[in-house]
Amino acid sequence: MKTTTCTLLLIISLLQLMIPVNTEESLDSIMKKLKEALSYGGHRPSTVTQTFSCTSVKASGNLASCPAGMIATGCSCGFACGSWNVQNENVCHCLCPIIDWTLARCCQLA
C-alpha cells in the first residue's frame, strides 16, 4: 500500500513538471487563431448569413418523420428503448419490439 501511494505521488509530480509554465499566453494565441479561422475560414468573409434551426417531432408508434427540408439529428423512443436508427436522413425508427412513441430531433441549415 505504501509503495502504491509513493508511486502515485511520484507520477503526479512528474505530470506537473510537464505542464507548460506560460499557459495563458499560449491559450490566448490559440483562441485568437481559432477566431480568425472561424471568421474567415481562409477565404473572404461571406455576406450570406446562415441560421441553424431545430425542432422536435413526436409521433405515436415506432416512426417519426421530419418536415420537408429537415434532417433527423437524433431520436428518442418510448418505454426506455435506446435502440434506434435514422432512415432516409429524415425518419427516426425505434427498434424495440414495443414502442408507444418516437421523437425525432429535426434540424435545418438555412
Side-chain angles (χ1 to χ4, degrees):
M1 183 72 162
K2 198 174 198 181
T3 305
T4 305
T5 305
C6 289
T7 304
L8 184 61
L9 288 173
L10 180 63
I11 291 171
I12 291 172
S13 298
L14 290 173
L15 287 173
Q16 287 178 340
L17 289 174
M18 294 171 57
I19 297 173
V21 176
N22 197 0
T23 56
E24 285 185 27
E25 183 178 280
S26 61
L27 182 60
D28 287 341
S29 64
I30 291 171
M31 291 302 293
K32 183 179 176 182
K33 289 178 184 177
L34 181 61
K35 285 179 184 178
E36 288 172 0
L38 289 175
S39 296
Y40 300 111
H43 306 290
R44 293 188 346 227
S46 173
T47 57
V48 178
T49 302
Q50 293 185 333
T51 59
F52 188 70
S53 61
C54 296
T55 187
S56 295
V57 175
K58 187 175 181 180
S60 59
N62 66 343
L63 296 173
S65 298
C66 293
M70 300 186 96
I71 62 167
T73 58
C75 307
S76 183
C77 308
F79 290 117
C81 174
S83 182
W84 52 267
N85 63 21
V86 176
Q87 299 175 347
N88 299 323
E89 294 185 345
N90 66 342
V91 177
C92 280
H93 176 223
C94 292
L95 301 173
C96 295
I98 300 174
I99 298 294
D100 59 343
W101 58 265
T102 300
L103 183 129
R105 186 67 178 163
C106 306
C107 297
Q108 176 182 25
L109 183 63

Item to complete: Using the disulfide bond (SG atoms under 2.5 Å apart) rule, take Cys106 and Cys54 through it: C-alpha gap first, then chi angles, then the decisive distance, then the call.
Response: CA-CA 5 Å; Cys106 306; Cys54 296; over 6 Å; no

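- Between the OG atom of Ser65 and the CE atom of Met70 there is a distance of 13.0 Å, given to the nearest 0.5 Å.
- Thr73 and Arg105 share no side-chain donor-acceptor pair at under 3.5 Å.
- Of the candidates Ser76, Cys77, Cys94, Trp101 forms a side-chain contact (heavy atoms from CB on, under 4.5 Å) with just one, namely Ser76.
- The two residues Asn85 and Cys75 come nearest to each other via the heavy atoms O-SG, 4.2 Å.
- Between Pro67 and Val57, the closest side-chain pair of non-hydrogen atoms falls below 4.5 Å.
- Taken from CG in Leu95 to OG1 in Thr102, the straight-line distance is 9.5 Å, to the nearest 0.5 Å.
- Rounding to the nearest 0.5 angstrom, the gap separating the CD atom in Gln108 from the OG1 atom in Thr55 is 11.0 Å.
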Fill in: Evaluation steps, side chain to side chain contact (heavy atoms under 4.5 Å, CB included), between Cys107 and Phe52
CA-CA 7 Å; Cys107 297; Phe52 188 70; 3.7 Å; yes

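- Contact record, Val86 with Ala72: CG1-CB, 3.9 Å, taken as the closest heavy-atom pair.
- Cys92 and Gly74 make their closest contact through SG-O, 3.4 Å (heavy atoms, listed as atom of the first residue, atom of the second, distance).
- The CG atom of Leu63 sits 10.5 Å away from atom CD1 of Ile99, with the distance rounded to the nearest 0.5 Å.
- Taking SG of Cys66 as the start and CG of Asn88 as the end, the distance is 11.5 Å to the nearest 0.5 Å.
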